[in-house]
Amino acid sequence: MIQEKYNPHEIEAKWQQYWEDNKTFKTEMDSRRPKSYVLEMFPYPSGNLHMGHVRNYSIGDVVARFRTMNGYNVLHPMGWDSFGMPAENAAIKHGIPPKKWTMENIANMTRQQKRLGLSYDWDREVTTCKPDYYKWTQWFFELFYKRGLAVKKKSAVNWCNTCNTVLANEQVIDGKCWRCDHEVVKKDLEQWFFKITDYADELLKDLDLLEGWPERVKTMQRNWIGRSEGLEFSFDFPEIGERIPVYTTRPDTIYGVTYVVLAAEHPLVEKLCVNNPKAEEIKAFCERVRNQSDIERTSSESEKEGLFTGCYCIHPLTGRKVQIWITNYVLYDYGTGAVMGVPTHDARDWMFADKYGLDKIVVINPKDKELKLEDMTDAYEEKEGVLVNSGEFSGMELHEGMEAIKDKIEAMGIGQRRVNYRLRDWLISRQRYWGAPIPVIYCPDCGEVLVPEDQLPVMLPEDVKFDAGAVSPLATSESFVNCTCPKCGKPAKRETDTMDTFLCSSWYYLRYTDPKNADAPFGKAKVNYWSPVDQYIGGIEHAILHLLYSRFFMKVLHDAGLVDYKEPFTNLLTQGMVIKDGAKMSKSLGNVVSPEEIIGKYGADTARLFIMFAAPPERELEWSDQGVEGSFRFLGRVWRIVYHYQDVLAQKVTQYDPAELDEAGKNLRRVLHTSIKKVTDDIEQRFNFNTAISAMMELVNALYAYKEAAKEPHAGLIYETVANLLKLLSPFVPHITEELWHGVISEEGSIHEEKWPKADADAMKVDRIEIALQVNGKLRGRLVVPADAGKDELEKLALAEPHIAETVDTDKIVKVVCVPGRLVNIVVKP
RNA sequence: GCCGAAGUGGCGGAAUUGGCAGACGCACUUGACUCAAAAUCAAGCGGGUUUACGCUCGUGCCGGUUCGAGUCCGGCCUUCGGCACCA
């Protein structure tokens, strides 16, 4: 029996408790069923869920429940990316310990997630700030260290003055800190790096294997890795007995070189200043350039500045003297930090040469055209044409010339072909407290020593000062810093930096497979049973950051023999933002809608249904209060029609012969089975949840139409329709369907353990269909024909149709196009 | 500049392989129920034109292919996103 009115709050609390008590969503390894690992990006415990979270988890929950009902053994876990700065800021601002703040937020957000009725196996919960997790994050650091992939080196790094810490390249967005949006400056510091560049080529190549990833994300990663092929070679610098190595992707333009440029940081600058009358001027220039921020220095609009050093090097092929300049537009950390200048075939060099009156030589002519310097207003950069003024290479086609020049340089022994990447090594140390300590000890005698495995985890101390300034708060804890060297036993000091939280999140999806393992990050059998993640769902903002780091981690773990897979996420769905009034929800705009408020008013099922219905998952979702009302109304409609048929359903007519149905019944049964097919295909093949829901709405409309049309409802048909409708709806709105299922179908078990319905092809068949009737491609009427009518029959029927017979002159018919099941098009001469 | 995605009613969005444009929902209009309102149930709902059957225009713009184009091709425009002195 069910109540007359739909009361979401009562039934949602009831079934959430039921699922928890019955461990409905607990998962174990099971070799008899195919596995499916469905994962949503785990959240940072900021305090409250926002609509973006709700969208993310609703999508994942539908997929997980759908796959379970389709016979998969589904892993669907949840956890907390719980290290990070906001916890520390709360400590500085309000004096709350980061751990307390974080754990309270996790408790609150867990409660909010449970109110959404998500099908997580909570026994697998993972929390990155707990010692039993960060122990293994530290263990992975040591693994990387032992494999030569974690190194400490000094370089110019990104520093955020607001966050008081260094940042990885990926965390600098348009020259600003990804977290606080303040301008990032460069500092020369010794820091820990993970050598992600060792994997640049593999990370790039394997993108081609990721057929289940959006093109957009793959393109972003390709751009970020930025592979280029070229030639590295040297100019002789006889004045000081050195060579200047340069890197170019355009060796074909080598005869057009009129100057060579060094980055301001280039070590040769200091050497060429010795006994140089311009030394003071050069040093002042370099100093000024180095103090420019990244934004000033790398903006393409900013003025290119340079200074002639007074020195010359020798062109390796022509023997000409070539001026050596220093500029602000050459990057020290890309290629060799020095570049050849070819004004005629590079836009930057053209501008630079114009500004400083440097020579220009045309060495490439476009096909069938001769470039004349006096006519040129711009560099000719096309990679097409013929080499000229290029000695023995003149007359060669561009690509042929390029290869010939590379061969020549290599044969001369002054250079070689080279591949360069834009990708930089991942800076992983942070001068912050709330992170996993780097497990390294510095001994005056032994140097850098790893903390032995059996002493992990290196626990975060609690006796620290949080506002320590530019050093890590860990440095303020005497008891933490001072230790003994594991090798020689003498007094030593601990590393006081912690690890980038992106490191914690680079392997969490593996820990879910074996979350309580105390002897290893995960067991091999378990990780290889569940991995890789079959469907990953999250925001596009991680297109590079988290998704690139995780891919890197997986490759290293694969090479270390810990996992059998090279890619962590087989399929990726990037959900769009939730917006309101055309803008992202934000406190400052005052357009935030809180999930708790919506759940409080309508219940979780309505919130989930609206979010899934309002837009396809990859697109932006415009929040609409009226749209939410509409979703609530639909659930009310479902409730009322089931309530209406309650007594009919109570007869439990589970079997019947469809042949005994009348017209109205056949019609309803046809809609039911086409809906089953449509909903199944929409979820399975396209993630078009919005159209899946619209199909279910049509089914409910058809049920209402049947109620009007059939005076004596067919008990078997009603039972079949309602039972299947509830199953189709259950992944989207798990509570109301569970309530109705128990009320009218079965009091035992859960609807969520039922099998997904199968469409009956016979039920979808119709005798007669309506097709379009066109003349010259324009709609001129409709024609009801037997569903299996062939081309000849269609043509006959079409020509016999009164409207056509009257208006179309048979002599002028050129041909008749018949598409069975679709249309007839009569082509007529004018 | 390079790369990627998108552009359809008043709005969110459908149209899956080139085959009836606008499914489904929101908003709006009307009818039933009601003393009345809400809720609910039922019906209508791109523009122009017509008493009506119809006719006609219509998927960012201009062309093309085709019996037939929202969908394919060529050329633009606009919006969003990524990369960008990367040599």
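Each chain gets a letter, A, B and so on, in the order its sequence line appears, and its residues count up from 1.
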Peer 1: Is it true that Y334(A) and Y332(A) have ring centroids separated by less than 6.0 Å?
Peer 2: no
Peer 1: Any idea how W325(A) and F352(A) line up, ring-wise: parallel (<30°), tilted (30 to 60°), or perpendicular (>60°)?
Peer 2: perpendicular
Peer 1: Could you please spell out the steps behind the side-chain contact (heavy atoms from CB on, under 4.5 Å) verdict for N701(A) and R637(A)?
Peer 2: CA-CA 9 Å; N701(A) 291 346; R637(A) 231 167 120 72; 2.9 Å; yes
Peer 1: So if I define the base as every atom that isn't primed, P, OP1 or OP2, how would nucleotides 39-45 of chain B read as a B/S/- string at a heavy-atom cutoff under 4.0 Å?
Peer 2: -SSS---
Peer 1: Do the charged groups of E793(A) and K796(A) touch, with an N to O distance under 4.0 Å?
Peer 2: no
Peer 1: If we count only N and O atoms by modelled type, under 3.5 Å, do the side chains of Y706(A) and N667(A) hold a donor and an acceptor together?
Peer 2: no
Peer 1: Applying a 4.0 Å non-hydrogen cut-off, can you work out what R422(A) is touching in the nucleic acid: base, sugar-phosphate, or nothing?
Peer 2: base
Peer 1: Name the closest nucleotide to the Q626(A) side chain, picking from A87(B), G12(B), A27(B).
Peer 2: A27(B)
Peer 1: Using atom P in both nucleotides, what's the gap between U71(B) and C62(B) to the nearest angstrom?
Peer 2: 13 Å
Peer 1: Any donor-acceptor pair under 3.5 Å between the side chain of K678(A) and the base of U16(B)?
Peer 2: yes
Peer 1: Please write out each protein N/O paired with an N/O of nucleotides 65-69 of chain B under 3.5 Å, distance rounded to 0.1 Å.
Peer 2:
{"from": "C67(B)", "atom 1": "O2'", "to": "N825(A)", "atom 2": "ND2", "distance (Å)": "3.2"}
{"from": "C67(B)", "atom 1": "O2", "to": "N825(A)", "atom 2": "ND2", "distance (Å)": "2.5"}

Peer 1: Determine the Euclidean distance between corresponding C1' atoms of A69(B) and U8(B); express it in Å to zero decimal places.
Peer 2: 14 Å
Peer 1: Regarding R619(A), tell me which of base, sugar-phosphate or nothing describes its non-hydrogen contacts under 4.0 Å with the strands shown.
Peer 2: sugar-phosphate
Peer 1: Under 4.0 Å between a side-chain nitrogen and a carboxylate oxygen: does that hold for E381(A) and R348(A)?
Peer 2: no
Peer 1: Quick one: sort the H315(A) and Y255(A) rings into parallel, tilted or perpendicular, breaks at 30° and 60°.
Peer 2: tilted
Peer 1: Let me spell it out: for each of P616(A) and I771(A), pick the nucleotide of RNA chain B with the closest heavy atom. Which residue's pick is nearer the 5' end?
Peer 2: P616(A)
Peer 1: Check this for me, if you would: do R686(A) and D681(A) make a salt bridge, where the nitrogen-to-carboxylate-oxygen distance has to be below 4.0 angstrom?
Peer 2: no
Peer 1: Output yes when at least one side-chain N/O atom of R780(A) is less than 4.0 Å from OP1 or OP2 of C53(B), else no.
Peer 2: no
Peer 1: Any chance you could measure L307(A), atom CG, to Y356(A), atom OH, to the nearest 0.5 Å?
Peer 2: 8.0 Å
Peer 1: With rounding to the closest Å, how many angstrom separate the P atoms on U17(B) and C26(B)?
Peer 2: 29 Å
Peer 1: Does the C86(B) base have a donor-acceptor partner in the side chain of R424(A) within less than 3.5 Å?
Peer 2: yes
Peer 1: Give one of base, sugar-phosphate or nothing for S624(A), where a contact means two heavy atoms less than 4.0 Å apart.
Peer 2: nothing
